[in-house]
There are 2 protein chains.
Amino acid sequence: MEIQKLNDLPGKTIERLSQYRRILFNSINQGKTNIYSHELAKMMNLTSVQVRRDLMLIGYSGSQSKGYIIKDLITLIGSIIDSKNPLNVAVVGMGNLGRAITSYFSGKRERLSIVAAFDNDTQKIKRIIAGIPCHHINKIKEVAPEMNIQIAILTVAPQGTMEAARMIIDAGIKGILNYTSVPLTVPENIHLEEYDIITSLEKLAFFVKQDID
Amino acid sequence: MEIQKLNDLPGKTIERLSQYRRILFNSINQGKTNIYSHELAKMMNLTSVQVRRDLMLIGYSGSQSKGYIIKDLITLIGSIIDSKNPLNVAVVGMGNLGRAITSYFSGKRERLSIVAAFDNDTQKIKRIIAGIPCHHINKIKEVAPEMNIQIAILTVAPQGTMEAARMIIDAGIKGILNYTSVPLTVPENIHLEEYDIITSLEKLAFFVKQDID
DNA sequence: GTTAGGTTGATAATTTTTTAACAATATTGA
DNA sequence: TCAATATTGTTAAAAAATTATCAACCTAAC
């Protein structure tokens, strides 16, 4: 096998590894100890080839008889996608979406935690929302370094997006997960992922309408 | 130009068309009437080549001097991605995420509207939440055809995902936008888009940690 | 034993998506 | 007028991602 540097795995593979792990946790909770590529594939709507290819890329080998050992695979995936030093995340924008993400995520991962929230609504400041203390966005430059925050999830209203992003970057945060519908432009050294809900709905609508129109 | 059937445009192009249009709306509100490919590209973090290529695929031509006429381009994009007959959308799961999506989306599109919500929490039933009437999920099979619902946005808790999906499909809905972290398997004739928030965060974390570990 | 069935791991082929290259055209300014 | 500049549209190349293929191997059944 060609030696694949683990830190330049394809982005799509990283996404799938995260999902494999989630499924593997479920399987282990159901008492399974081993799993075949086609089983994993079925649960993820993939082909078994793709599962095996992904696992090949991370250098994991199974056995022909038992497939993959779930426990080991979980550990290996963790060693690749989890950070050694825990990463701290802030939610910027504590509206419905921010709260949804916060409460959904809280306590789910060991090495990736939402530790703070920011908002510009003074009603929300100093309150604990979904278990997380909420600060005024103006304080982000002080709070982020104090709490060692490396990632921000951006869930503010569209008109506030650019300004919020500017403040996030100014606070020294290196990763932004943008859930607003405003595309961002960021400096090269900032990692950016965009997940726009409206786009996803319009894309789906496009394919659905083909059956109708 | 090779003739490109508009209904088999690449999925990625569809996504971008939706985003182009959003940006174009903004530009027109700011008083612009024309736009160059590189301007559009900058706002979307793309190259101008990609913009031009996308527009080529939908058969739109600009001029060398003035670039593209925003109004015309918006119209053309609409004629491609919007449905002739309006599409009706239901939100299944009226927690924080469901409410966030509902309130965010309400009134934004003419031919794509959230018209109903479903939940299994009796507290929520019969109430109007974010402007949308909320029904018990058990009623979906009656309500969906009555209201002519073609798309469901799935935002229930993980453990309820499979069951909810089953009911959605059983109600004759042909498109599912899955925002839960549970991968779905659906029949071939059902259109499915998966957007998992945890995956997106873990992917971003992977790239951020490279700078740290 | 040995054959049949099923699985992994790896390479190759294919498809999809992005990026490069460049001719054609329009505008501006000397 | 004509060169310089800037833009579009298109084809070609490259890169990324997926899918096909198949040898090697293990197990179980006979």
Side-chain angles (χ1 to χ4, degrees), chain A residues 1-5 7-20 24 32-70 72-73 76 183 193-194 199 203 206-207, chain B residues 1-20 24 32-70 72-73 76 183 188 193-194 199 203 206-207:
Chain A
M1 170 182 102
E2 187 183 336
I3 287 168
Q4 170 88 25
K5 288 193 195 100
N7 49 5
D8 52 41
L9 289 168
K12 290 288 173 70
T13 296
I14 299 298
E15 287 180 18
R16 284 191 297 264
L17 287 175
S18 159
Q19 294 170 321
Y20 292 148
L24 292 170
K32 281 181 74 100
T33 57
N34 296 69
I35 196 166
Y36 294 114
S37 59
H38 68 261
E39 293 176 300
L40 205 40
K42 174 129 191 244
M43 291 191 265
M44 297 235 339
N45 284 321
L46 304 171
T47 64
S48 63
V49 180
Q50 189 155 49
V51 172
R52 290 201 301 276
R53 208 171 192 302
D54 283 335
L55 301 191
M56 189 188 76
L57 290 179
I58 64 174
Y60 185 70
S61 287
S63 83
Q64 284 88 346
S65 45
K66 300 292 181 80
Y68 305 101
I69 300 166
I70 297 178
D72 292 356
L73 188 47
L76 178 60
E193 292 280 327
E194 311 242 11
T199 297
K203 181 182 178 191
F206 174 80
F207 291 111
Chain B
M1 170 181 103
E2 188 184 333
I3 288 168
Q4 171 87 25
K5 287 191 197 107
L6 286 180
N7 49 7
D8 53 42
L9 289 168
K12 290 287 170 71
T13 296
I14 299 297
E15 288 179 18
R16 284 191 297 264
L17 287 175
S18 160
Q19 294 170 322
Y20 292 148
L24 293 170
K32 281 182 75 99
T33 57
N34 296 71
I35 196 166
Y36 293 115
S37 60
H38 66 262
E39 295 176 297
L40 205 39
K42 176 129 190 245
M43 292 190 266
M44 297 235 339
N45 284 322
L46 304 170
T47 65
S48 63
V49 181
Q50 189 155 48
V51 172
R52 290 201 301 277
R53 210 173 190 302
D54 283 335
L55 300 192
M56 186 189 79
L57 290 179
I58 64 173
Y60 185 70
S61 287
S63 84
Q64 284 88 346
S65 45
K66 301 292 181 81
Y68 305 100
I69 300 167
I70 296 178
D72 293 355
L73 188 46
L76 178 59
E188 269 216 356
E193 291 280 328
E194 311 241 10
T199 297
K203 182 184 178 190
F206 174 80
F207 290 111

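To find a chain, count down the sequence lines: A is the first, B the second, and so on, and within it residues start at 1. The model shown is predicted, which means the values in this text are computed figures rather than measured ones.
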Point to revise | Contact summary for B/E194 and B/P183, nearest pair of heavy atoms | key: OE1-CA, 3.7 Å
Check your understanding: Which heavy-atom pair separates B/R16 from B/D54 by the least distance, and what is that distance?
Key -> NE-OD2, 2.7 Å
Exercise for review: Can you tell me the distance, in whole Å, between the CG atom of A/L17 and the P atom of D/dA17?
Suggested key: 13 Å
**Study point:** 5'-most by nearest nucleotide on DNA chain D - B/S65 or A/K12
**Key:** B/S65
Point to revise | Between D/dT18 (P) and A/L46 (CG): distance, integer Å | key: 8 Å
Practice item. Can you check whether any acceptor in the base of D/dT10 is under 3.5 Å from a donor in the side chain of B/R53, or vice versa? Key: no
Review point. Rounded to the nearest Å, what distance is computed from the CD1 atom of residue A/I58 to the P atom of nucleotide C/dA10?
Key: 13 Å
Point to revise | Gap between atoms CG and P, on B/D54 and D/dG9 respectively (whole Å) | key: 13 Å
Exercise for review: For A/T13, report the nucleic acid contact type (base, sugar-phosphate, nothing); a contact means any heavy atom under 4.0 Å.
Suggested key: nothing
Review point. Of all heavy-atom pairs between B/A41 and B/S48, which one has the smallest distance, and what is that distance?
Key: CB-N, 3.5 Å
Point to revise | Minimum heavy-atom distance between A/I69 and A/Y60, given as atom pair plus value | key: N-OH, 3.2 Å
Check your understanding: Separation of B/N34 atom CG from D/dT8 atom C1', in whole Å?
Key -> 14 Å
Exercise for review: For B/E39 and B/Y36, work out which heavy atoms get closest and say how close.
Suggested key: OE1-N, 2.7 Å
Review point. So what does A/S63 hit on the nucleic acid, given a heavy-atom distance under 4.0 Å: a base, only sugar-phosphate, or nothing?
Key: sugar-phosphate
Check your understanding: Under 4.0 Å between a side-chain N or O of B/Y36 and OP1 or OP2 of C/dA26?
Key -> no
Practice item. For B/M56 and C/dA20, give me the distance from atom CE to atom P, rounded to whole Å. Key: 17 Å
Point to revise | A/E39 CD - C/dG6 P separation (whole Å) | key: 14 Å
Point to revise | B/R52 vs D/dG9: side-chain N/O to OP1/OP2 distance below 4.0 Å | key: no
Review point. To the nearest Å, how far apart are A/Q64 CD and C/dT8 P?
Key: 8 Å
